[in-house]
Asker: 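Just passing along the structure, written as structure tokens.
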Amino acid sequence: MLPRHFRLRHHEDFDASRQRGKRWHDKLLILNTISSGLPHNRFGFVVSRRVGKATRRNLVKRRLRATARSWLPYLITGYDIVIIARPAISEASYQDIEAVVEKLLRQAGLLVPRDVDATP
RNA sequence: CAAGCUGGCUGGGCGAUCGCGCUCUGGCGCUGCCAGAGUGAGGAAAGUCCGCGCUCCAUAGAGCACGAUGCUGGCUAACGGCCAGGCGGGGCGACCCGACGGAAUAGUGCAACAGAGAGGUAUAUUGCCGAUCCUCUUAUGGUGGAUUGGUGAGGGUGAAACGGUGUGGUAAGAGCACACCGGCGACUCUGGUAACAGAGCCGGCCAGGUAAACCCCUUCGGGAGCAAGGCCAAGCAGGGAUGAGGUGCUGCUCGUACCGAUUGAGUCCCGGGUAGGCUGCUUGAGAUGGGCGGUAACGCCUUUCCUAGAGAGAUGAUUGCCCAGGGGUCUGUAUGGGCUCCGGACAGAACGCGGCUUAUAGGCCGGCUUGGGUG
RNA sequence: UGGGGAGUGGCCAAGUGGUAAGGCACUGGCCUUUGGAGCCAGGUACCGAAGGUUCGAAUCCUUCCUCCCCAG
């Protein structure tokens, strides 16, 4: 889990990231980023009803938060990152999700250069 | 032993490492951070189908409309729920199912197609029977035809056609009359709080179906909802048109309270501001054990306990052992043993409760029925 | 949380107690050198699911499923 000040909490933050930010996507996830000017990163997660019922959606969100937390020390700071789950994710294992998050973070160039080869 | 019926419980367990929400304690550079301790989803938390509490609207008003309820009695804060009983239906049985008030009367409606006729003191196609006339003939008789009348017994249609059997009766027949049976209704008695059941007696000979059709009757229902409601902070800018009624209170009538008529309620248009925090927020029709009352639902007394309170919304990630489960293979036979793979039901609190409904891998404990075997 | 609506052949749909219209699409034939257009003929629905009421249900009732919309 993430402590509270690392989470995105307002609707306009989500809108800004999705409308003006950059986007990378995969079969399981969509990753949006935008520079926030803050000294740390913030994460937000969007899991719609298409993914599954409440139990399934909560599980997906918890897993996404767990991966985000594990990658947090290796990221370039100052970005808001919104991760949107697509319906296929409900069948994925935690290892699948973590691999996809890593792939998208690398594509987005958010890893600190000296830690490019790191693993959490 | 087999097949089945039924009541209840449970909903993987113990750990390791890294993390999250809340509470408490301590510390610091105090809108926070750090450390420690405690605590942290369900039997359905779900669907939102009913009923309550709570909050605001007037103290929660009247009538109609509208909606719901529907055998009887009880339980309950209340219910469309539960318990017990009655009646009806199903099953050999244990047991299960039932929206189960009113259709002889307060009315109205509906029934395609078929059929002669579909609810009216109904109808007459084929039949059956009589009368009159005509024809033929083996001539007080019979055959065929026409007209007219009687008939609802036989055939036929339909989901449904105005009781059944027998005797009398008749031209032929018919509840036309009678006996018994079925069904309906009134009254009396008995049992029961009642629904109802049993018995007796009388009546008219039968009254069709449908109220999950309108309707009548019974009982109940004021409206909104925790984004209710209360408090604090921050911010802004007003202008134009219309205008005598507007709001509490979905619809109508009344009643009532408040606001208002150039010091302008309300409505419409243009423009401006706001997305923060605290509270409500979990001690309650509460849970557990015991006793008493009641057939039971449930109630009363008492002991002990405090058991989630988030707010982009806290339970996750990795892994060990055990416990269940399934598949494959080898060995073997007594029911088994070894290896290996898969793999843990349905599902996530958001103000709180009582129910209902729906989803659910499995596991555990009772009670009972039927059939077979053995003693 | 509260309220409203929809589900009928592959698609769009009418029907609201009595044999489930119509259009597009599809299939076959005619016409044409071929295709299109046109003409003729045909198939495709137990009406979202289950249960009930009724002689009879897409229609009435109950429960459930899916989808859409509205208010704050």
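The analysis underlying the following values was restricted to heavy atoms, covering all of them including side chains, and did not include hydrogens, waters or symmetry mates. In what follows, every chain begins at residue 1, and chains take the letters A, B, ... in the order their sequences are listed.
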Asker: Under 4.0 Å from OP1 or OP2 of B:U318: is there any side-chain N or O of A:Q95 that close?
Answerer: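 So the side-chain polar atoms of A:Q95 do come within 4.0 Å of the phosphate oxygens OP1 or OP2 of B:U318, strictly under.
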Asker: What form does the base of B:U307 take, syn (within 90° of 0) or anti?
Answerer: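 Because its glycosidic torsion lies within 90° of 0, B:U307 adopts the syn conformation.
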Asker: Considering only the C1' atoms, how many Å lie between B:C1 and B:C346, rounded to the nearest integer?
Answerer: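 Going atom to atom, C1' in each nucleotide, I get 36 Å.
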Asker: Taking any strand in view, what nucleotide pairs with B:G320 in a Watson-Crick or G-U wobble way, both distances under 3.5 Å?
Answerer: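 WC or wobble partner is B:C14.
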Asker: Please name the nucleotide paired to B:C258 by Watson-Crick or G-U wobble geometry with both distances under 3.5 Å, or report none.
Answerer: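 WC or wobble partner is B:G246.
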Asker: Could you tell me how far apart A:R63 (CZ) and B:G316 (P) are, to the nearest whole angstrom?
Answerer: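 Value for this atom pair: 10 Å.
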Asker: Expressed as a whole number of angstroms, how long is the span from A:K61:NZ to B:A312:P?
Answerer: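 That distance rounds to 10 Å.
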Asker: If pairing requires Watson-Crick or G-U wobble contacts with both distances under 3.5 Å, which nucleotide is the partner of C:U19?
Answerer: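 Base partner found: none.
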Asker: If the C1' atom of B:A16 is compared with that of B:G286, how far apart are they to the nearest Å?
Answerer: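 Nearest-Å result for B:A16 against B:G286 at atom C1': 38 Å.
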Asker: Using atom P in both nucleotides, what's the gap between B:G223 and B:A265 to the nearest angstrom?
Answerer: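 Between the two P atoms, the distance is 32 Å.
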Asker: Roughly how many Å apart are B:A227 and B:C281, using the C1' atom of each and rounding to a whole number?
Answerer: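 Taking atom C1' in both B:C281 and B:A227, they lie 15 Å apart.
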Asker: In this structure, how many angstroms lie between the P atom of B:U315 and the CZ atom of A:R69, rounded?
Answerer: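 So the two atoms are 13 Å apart, to the nearest Å.
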Asker: Can you work out whether A:R56 or A:G44 has the more 5'-proximal nearest nucleotide on RNA chain B?
Answerer: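 Closer to the 5' end of RNA chain B: A:G44.
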Asker: Assign the ring pair A:W71 / A:Y74 to parallel, tilted or perpendicular, where the plane angle (0 to 90°) is split at 30° and 60°.
Answerer: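 Perpendicular.
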Asker: Roughly how many Å is it from CZ in A:R65 to P in B:G21, rounded to a whole number?
Answerer: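 Whole-Å distance recorded here is 11 Å.
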Asker: Checking A:D96 side chain against A:S93 main chain: does a donor-acceptor pair fall under 3.5 Å?
Answerer: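 Checking the backbone N and O of A:S93 against the side chain of A:D96, a donor-acceptor pair under 3.5 Å is found.
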Asker: Specify the separation, in whole Å, of atom NZ of A:K53 and atom C1' of B:G42.
Answerer: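 The answer, rounded to whole Å, is 15 Å.
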Asker: On a whole-Å scale, what distance lies between the P atoms belonging to C:A58 and C:A50?
Answerer: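 Those two atoms are separated by 13 Å.
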Asker: Between the side chain of A:R86 and the main-chain N/O of A:D26, is any donor-acceptor distance below 3.5 Å?
Answerer: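 Checking the backbone N and O of A:D26 against the side chain of A:R86, a donor-acceptor pair under 3.5 Å is found.
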Asker: State, to 0.1 Å, how close A:I76 and A:G109 come at their nearest heavy-atom pair, and which atoms those are.
Answerer: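 Heavy atoms only, the tightest pair is CD1-O, 3.6 Å.
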Asker: Which value, in whole Å, describes the distance between the P atoms of nucleotides C:U19 and C:C47?
Answerer: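 Rounded to whole Å, the distance is 15 Å.
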Asker: Rounded off to whole Å, could you give me the CG-to-P distance for the A:L59 and B:A347 pair?
Answerer: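 For the pair A:L59 CG and B:A347 P, the rounded distance is 14 Å.
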Asker: State whether A:T55 places a side-chain N or O below 4.0 Å from either non-bridging phosphate oxygen (OP1 or OP2) of B:A347.
Answerer: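 No, because none of the side-chain N or O atoms of A:T55 sits under 4.0 Å from OP1 or OP2 of B:A347.
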Asker: Which sits closer to the 5' end of RNA chain B, A:V46 or A:Y94, going by the nucleotide each is nearest to?
Answerer: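 Closer to the 5' end of RNA chain B: A:V46.
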Asker: Using every non-hydrogen atom in the two residues, find where A:L104 and A:L31 come nearest and quote the distance to one decimal.
Answerer: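 Heavy-atom minimum between the residues: O-CD2, 3.7 Å.
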Asker: Does C:U54 adopt a syn or an anti glycosidic conformation, taking syn as a chi angle within 90° of 0?
Answerer: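 Syn conformation here, the glycosidic angle of C:U54 being no more than 90° from 0.
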Asker: How many whole angstroms separate atom CD of A:E98 from atom P of B:G19?
Answerer: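 Whole-Å distance recorded here is 15 Å.
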Asker: Syn or anti for B:G251, with syn set at within 90° of 0?
Answerer: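 Base orientation relative to the sugar is anti.
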Asker: Would you say A:L110 and A:W24 make side-chain contact, with heavy atoms under 4.5 Å?
Answerer: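 No; the side chains remain at least 4.5 Å from each other.
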Asker: Under a 3.5 Å cut-off for both contacts, is B:G43 paired Watson-Crick or G-U wobble with anything, and if yes, with which nucleotide?
Answerer: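 With both distances under 3.5 Å required, B:G43 matches none.
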Asker: For B:C364, give its Watson-Crick or G-U wobble partner with both distances under 3.5 Å, or none.
Answerer: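 Across any shown strand, B:C364 pairs with B:G8.
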Asker: State the pairing partner of B:G115; accept Watson-Crick or G-U wobble contacts with both distances under 3.5 Å, and report none otherwise.
Answerer: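 Paired with no nucleotide.
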Asker: Which is it for B:A41, anti or syn, if anything within 90° of zero counts as syn?
Answerer: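 Classified syn.
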Asker: Would you kindly give the CD1-to-P distance between A:I97 and B:A317, to the nearest whole Å?
Answerer: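 Atom-to-atom, A:I97 to B:A317, this comes out as 9 Å.
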Asker: Would you tell me if any nitrogen or oxygen in the side chain of A:R42 comes within less than 4.0 Å of OP1 or OP2 on B:A312?
Answerer: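 So the side chain of A:R42 is outside the cut-off, no N or O lying under 4.0 Å from OP1 or OP2 of B:A312.
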Asker: Would the number of heavy atoms belonging to other residues, nucleotides or ligands and lying under 6.0 Å from NZ of A:K53 be above 12?
Answerer: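 No - once you tally the heavy atoms of other residues, nucleotides and ligands closer than 6.0 Å, there are 12 at most.
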Asker: Taking only the side-chain heavy atoms of A:R62 (C-beta and beyond), determine which of B:U315, B:A317, B:A349 contains the nearest atom.
Answerer: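 Shortest atom-to-atom distance from the side chain points to B:U315.
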Asker: Tell which nucleotide pairs with B:A37, taking only Watson-Crick or G-U wobble pairs whose two distances are both under 3.5 angstrom.
Answerer: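 Across any shown strand, B:A37 pairs with B:U23.
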Asker: Roughly how far apart, to the nearest Å, are B:C298 and B:G81 at atom P?
Answerer: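 One P to the other, the span is 16 Å.
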Asker: Which way is the base of B:G43 turned, syn or anti, if we draw the line at 90° from 0?
Answerer: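 Syn for B:G43; the angle stays within 90° of 0.
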Asker: Minimum heavy-atom separation for A:V60 to A:A85, with atom names?
Answerer: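 Smallest interatomic distance, heavy atoms only, reads CG1-CB, 4.2 Å.
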Asker: If we take the C1' atom in both B:G107 and B:C217, what is their distance in whole Å?
Answerer: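 The answer is 14 Å between these two C1' atoms.
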Asker: Partner of B:U369 by Watson-Crick or G-U wobble geometry, both contacts under 3.5 Å, or none?
Answerer: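 B:A3 is the nucleotide pairing with B:U369.
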